[in-house]
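Just so it is clear, the model here is predicted, and its values are computed rather than measured. Numbering starts at 1 and runs along the sequence shown.
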Amino acid sequence: MNMKKELETRVKKADGIYLNNIDIDPLAIKAIMINEVVPADPLQDFYGIPDAAYLKTTIPLFRGAGAEVACIQDILQMGIYITNAVKTPKTNYAIDKNSIENSLPYLEAELSLFPNIIVLMLMGDVAKKAFQMIAKKSAKKNVIPAISTYKLRNSKIYYQGIRVMPSYIMTGGNLLIEKSKVAMTTEDIATMLEIIKSKTSLQATGYQTCSAAEQQGI
């Protein structure tokens, strides 16, 4: 399934909306990580060029958590899909509520494509707000308590049987200076990996490894 084509069919094709143009088997995905916002240049996103800016911060977080990954294909191979809550690049330092709401139909449709999810990581406050809006439609109440992320990290929050883990943003230059948040994010990713390992037997998902992908020029 091509994510971009599927979401444009289910929602609509709109100018300025950046969607993951990647072929993926939704049945193979066990965990989703929702980052805050797409970059201004799609090539710098998770599924862009091999040395994309978003991967330069994400790969080290996974390695710190004990995962031997070198590219996005390795992360997919583990049954983990990464996406962004806001599908339009931000124009100001802060992301306003309208930007979140405009992207919400795409994120909601995107999450609905994965029937075997057991963990959902919310990487940053924007991702947390977006998910809260989606979940509140069916739960009729806030799923995530309105307290600081560091107080929520060890809480076991569930939504429709899925473990929901609020964490910190995984992209951006601030990661270079916020060492404590890097440490906590790494710990959270390690927890996610342990949950996947304990609840599923990781089988080959059909995705190529980095070396195989690089040989084909992906």
Side-chain angles (χ1 to χ4, degrees), residues 1-48 52 54 58 72-73 75-91 95-144 157-166 170-171 192 196 200 205-208 218:
M1 175 189 296
N2 182 276
M3 297 301 295
K4 183 175 186 292
K5 291 179 180 178
E6 183 67 23
L7 292 176
E8 287 178 343
T9 299
R10 293 189 176 221
V11 186
K12 64 178 179 179
K13 186 174 182 179
D15 293 336
I17 293 289
Y18 292 9
L19 302 172
N20 293 330
N21 189 10
I22 179 174
D23 293 320
I24 194 169
D25 176 9
L27 298 179
I29 300 301
K30 305 299 180 185
I32 297 177
M33 301 176 74
I34 304 177
N35 187 55
E36 291 200 333
V37 61
V38 297
D41 180 2
L43 293 177
Q44 301 303 321
D45 208 341
F46 299 104
Y47 307 99
Y54 274 16
T58 300
I72 192 64
Q73 285 84 10
I75 295 175
L76 287 169
Q77 182 75 27
M78 299 171 70
I80 300 166
Y81 174 70
I82 307 177
T83 192
N84 297 290
V86 177
K87 311 297 187 184
T88 54
K90 62 181 181 180
T91 55
I95 299 173
D96 57 48
K97 187 178 180 181
N98 285 339
S99 295
I100 299 175
E101 291 176 338
N102 290 340
S103 296
L104 213 60
Y106 296 93
L107 180 61
E108 186 172 10
E110 192 173 22
L111 296 178
S112 72
L113 297 176
F114 301 93
N116 296 327
I117 295 302
I118 57 176
V119 185
L120 182 64
M121 289 195 72
L122 309 176
M123 313 307 293
D125 289 340
V126 171
K128 186 165 65 173
K129 289 177 184 176
F131 174 75
Q132 192 87 289
M133 292 178 186
I134 292 172
K136 197 171 183 179
K137 291 182 180 180
S138 58
K140 307 302 180 184
K141 63 178 181 180
N142 288 335
V143 173
I144 304 170
I157 303 170
Y158 289 89
Y159 171 72
Q160 296 182 349
I162 299 169
R163 173 75 178 272
V164 180
M165 299 178 59
M170 60 199 293
T171 56
M192 173 190 68
I196 295 173
T200 65
T205 60
Y207 294 109
Q208 296 174 317
I218 296 177

Working to the nearest 0.5 angstrom, can you tell me the gap between [X] [atom1] and [Y] [atom2]?
X: Phe114; Y: Met1; atom1: CZ; atom2: CE; result: 7.5 Å
X: Ile17; Y: Thr88; atom1: CD1; atom2: OG1; result: 5.5 Å
X: Met3; Y: Glu110; atom1: CE; atom2: CD; result: 4.5 Å
X: Leu122; Y: Met33; atom1: CG; atom2: CE; result: 10.0 Å
X: Lys87; Y: Leu107; atom1: NZ; atom2: CG; result: 5.5 Å
X: Ile34; Y: Met165; atom1: CD1; atom2: CE; result: 13.0 Å

| task | Determine, step by step, whether Asn116 and Ile29 satisfy the side chain to side chain contact (heavy atoms under 4.5 Å, CB included) criterion, reporting the C-alpha distance in whole Å, the side-chain angles of both residues, the deciding distance to 0.1 Å, and the verdict. | result | CA-CA 7 Å; Asn116 296 327; Ile29 300 301; over 6 Å; no
I'd like to check [X] versus [Y] (side-chain heavy atoms, cut-off strictly below 4.5 Å). Are they in contact?
X: Ile82; Y: Met170; answer: yes
X: Tyr159; Y: Ser138; answer: yes
X: Val143; Y: Lys136; answer: no
X: Phe46; Y: Asn35; answer: yes
X: Val37; Y: Val126; answer: no
X: Ile22; Y: Ile72; answer: no
X: Tyr54; Y: Asn84; answer: yes
X: Ile24; Y: Leu113; answer: no

| Taking everything shown except Lys129 itself, do over 12 heavy atoms lie less than 6.0 Å from its NZ? |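 No, NZ of Lys129 has 12 or fewer neighbouring heavy atoms, counting only those of other groups under 6.0 Å.
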| query | Can a donor-acceptor pair be found between the side chains of Asn102 and Ser99 at a distance below 3.5 Å? | reply |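 No, no side-chain donor-acceptor contact under 3.5 Å.
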| field | Donor-acceptor side-chain pairing of Tyr81 and Asn20 below 3.5 angstrom | value | yes
So which heavy atom on [X] is nearest to which on [Y], and how close?
X: Ile196; Y: Ile118; answer: CA-CD1, 3.9 Å
X: Ile162; Y: Ile117; answer: CG1-O, 3.6 Å
X: Ala130; Y: Leu104; answer: O-CD1, 3.5 Å
X: Pro26; Y: Pro115; answer: O-CD, 4.2 Å

| task | Before accepting this row, confirm whether a basic side-chain N of the pair Glu108/Lys137 lies closer than 4.0 Å to the acidic partner's carboxylate O. | result | yes
Is the backbone of [Y] close enough, under 3.5 Å, to the side chain of [X] for a donor and an acceptor to pair up by distance?
X: Asp25; Y: Leu27; answer: yes
X: Gln132; Y: Ile144; answer: yes
X: Ser103; Y: Val86; answer: no
X: Asp45; Y: Tyr47; answer: no
X: Glu36; Y: Ala85; answer: no
X: Tyr18; Y: Asp41; answer: no

| message | What verdict does the side chain to side chain contact (heavy atoms under 4.5 Å, CB included) test give for Met192 and Ile80, after you've listed the backbone C-alpha separation in whole Å, the side-chain angles of each residue and the deciding distance to 0.1 Å? | response | CA-CA 10 Å; Met192 173 190 68; Ile80 300 166; 3.6 Å; yes
